[in-house]
Amino acid sequence: MPTTTPTTTSPHRLPRATPESQGVDRAALERLVETLDGIRDVHSLMVLRHGTVVAEDWWHPYRPDEPHTMFSVSKSFTATAVGLAVAEGLLTTDDRVIELLPDDAPDDPSGHLAVMTVRDLLTMTSGHGTDTMNFTLRNLHVPGDGWARDILAAPVTHVPGTHFVYNTGATYLLSAILHRLTGERLLDYLTPRLLAPLGITGATWEQCPRGIDVGGFGLRLTTEDLAAFGQLLLQRGTWEGRELVPAAWVDEMTAAQVPNGPDENPDWERGYGYQFWRCRGDAYRADGAFGQFCVVWPEQDAVVVLTSGTSATSTELEVVFDLLGDAFDAAPGSATPEDLPADDGGPLARGDLAVALPRGAAHGPVEDFVRGSTFALGPSDGGAPVTSDGPEPGSPDPHARSVLRWRTVSVDRHGDEIELGWTHADRGGQHVVRCGVGHWVLGRAEVDHEAVPVAGAAAWTSPHELTCRLLWRGTPFALDVRLAFDGDGEGRWVEVAVDQNVSFGPTALLRATGLGAAG
């Protein structure tokens, strides 16, 4: 099908239209939204057909203008930057890695390392037997000789180009190579060539201690930013009549370059390109941990973008393909006036979606007894520090680290809001988040000495148990804090359990008992 280059004079960068005007079955989109709403912690959805947004929704308190952590979607932007550098004659995919990073290469490289190429990094066939980025979970903020040197010193156990291992360290090396060749950050290199023409502003990218953009994770974008990137790929690199990325590179980058199975999930064994995953049919995707997806579907001239905080990522992909597979059959403009909802001139947008709240009573029988109390926590008897056991290591999760340092908790009430407070072992002052009872309350909380946006909600989930849910806005992460109170006139105490919705390691963060004193 022909692809329409989007143009718009509205405040949105991408044009909007009714699903019917673009040949999309509205009922199928409604079923998709309803099904996604049943998956805990979906944050946003955007569906494009013929370059036009036909469905968009954000689950409150997530917002259209708020950047979201993209995790390994970042890898696809890094691969795109490599293609731009290839087009500019800065390198080729056959160039050897140790020749591009001579200052970081071992003095006596192994035979396998000596022949490792840029293409091997792009296809995750560097020859490493495991993800070489795992060490960053310990050293992310520790200055040293450099990540590239550590990665290149790791054993290369396979002949490069022969063995697929998902390796975020390989992507970091690509970023380090571009940093050396261009003399600037990957983000700065991409901005005039790709981001600015797509209207992407305010993007950020996490850096290593040497100031090199991490490449394999750490990029933050809005949902529409990612949708514009997907539409550019669907248009084979052309945007508003201008070639931003060579079409041949888009084709090469998104094709199945190497096999990546076996995998228990079929959507992760359909082949791997240059930092892109193949999907069923002719579709492919940029894919980030916990449900950050940009699915490009050329056969249907469609793009689907999701942001989430879920472990049910395979379910998300299944419902996208299963529910939209038959949604694109109608020809554009085929809907009759009686098929269209009254006064509807834009995309499907329910506008009433929200991340699930804690369910329970507004008040508990022990609330007055514990209100205003501070509980000193004893040693944790459960939970575990965050480690990198997942398929896509990222930076150490600061939200989880913060919980592991809790030393007191407190509760109070202000109208229809419950205050959850805590102190840290290594930092004075109390941190307080207001949690709405039956609604989300936006605020900020300190994490790793930085105030970050948060949303809180609470309910008495049993007569003696208060559950507070904290969403770290702009990220996939949420905390479920359960406080089970007991006591009498002689004293009061609380059993504290804190769990995180998703993690690269354990999700059970804290189990502790606290003894209370009146506030």
Side-chain angles (χ1 to χ4, degrees), residues 40-43 58-63 66 309 352-375 377 383 397-400 402-424 429-447 450-486 492 494-502 507-512 514 516 519:
R40 194 185 197 207
D41 292 329
V42 173
H43 298 163
W58 283 262
W59 277 252
H60 180 73
Y62 293 88
R63 306 191 316 234
E66 194 166 61
D352 63 344
L353 299 169
V355 175
L357 299 157
R359 299 180 65 179
H363 296 272
V366 299
E367 182 176 337
D368 289 341
F369 180 62
V370 300
R371 200 168 77 189
S373 295
T374 298
F375 297 84
L377 301 182
D397 176 15
H399 315 97
S402 175
V403 172
L404 297 175
R405 300 199 304 271
W406 284 12
R407 288 299 175 264
T408 69
V409 296
S410 62
V411 293
D412 210 338
R413 179 180 281 272
H414 292 272
D416 63 350
E417 298 174 4
I418 292 175
E419 278 190 354
L420 173 67
W422 63 86
T423 60
H424 285 150
Q430 187 179 46
H431 313 291
V432 175
V433 172
R434 290 199 171 189
C435 301
V437 178
H439 61 281
W440 292 104
V441 174
L442 305 186
R444 301 187 79 81
E446 185 175 303
V447 174
E450 178 183 358
V452 299
V454 65
W460 286 91
T461 45
S462 75
H464 290 258
E465 183 177 88
L466 175 69
T467 296
C468 300
R469 192 147 206 260
L470 309 183
L471 305 178
W472 305 108
R473 289 157 43 210
T475 84
F477 301 115
L479 295 180
D480 291 296
V481 182
R482 297 184 305 282
L483 307 173
F485 299 100
D486 207 343
R492 62 198 73 179
V494 64
E495 297 288 339
V496 180
V498 183
D499 295 285
Q500 190 161 274
N501 60 334
V502 290
T507 55
L509 301 183
L510 183 67
R511 301 290 186 270

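FYI, the numbering just counts along the sequence from 1.
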Partner set under side-chain hydrogen bond (donor to acceptor under 3.5 Å, both in side chains) for D480, not counting sequence neighbours: R40, R469
Expected output: side-chain R444 to main-chain A451 donor-acceptor under 3.5 Å: yes
Set of residues satisfying ring-ring contact (aromatic ring centres under 6.0 Å, His included) with respect to W58, sequence neighbours excluded: none
For the backbone of G309 and the side chain of N501, can you confirm whether one donor and one acceptor N or O come within less than 3.5 Å of each other? yes
Distance, nearest 0.5 Å, that separates NE2 of H60 from CG of L442: 5.5 Å
I'd like to check L420 versus L483 (side-chain heavy atoms, cut-off strictly below 4.5 Å). Are they in contact? yes
So the salt bridge (Lys or Arg N to Asp or Glu O under 4.0 Å) pairs with at least one residue in residues 451-468 (sequence neighbours excluded) are none
Any sub-3.5 Å donor-acceptor pair from W406's side-chain atoms to L510's backbone N or O? no
Only one of W59, W472, Y62 passes ring pair (Phe, Tyr, Trp, His ring centres under 6.0 Å) with H43, and that residue is Y62
Evaluate the ring planes of F485 and W460, with Trp represented by its six-membered ring, and classify them as parallel (under 30°), tilted (30 to 60°) or perpendicular (over 60°). tilted
Are any side-chain N or O atoms of D412 and backbone N or O atoms of E419, one a donor and one an acceptor, separated by less than 3.5 Å? no
Any sub-3.5 Å donor-acceptor pair from R434's side-chain atoms to V441's backbone N or O? no
Test item: R473 side-chain N/O and V454 main-chain N/O as donor-acceptor pair under 3.5 Å: yes
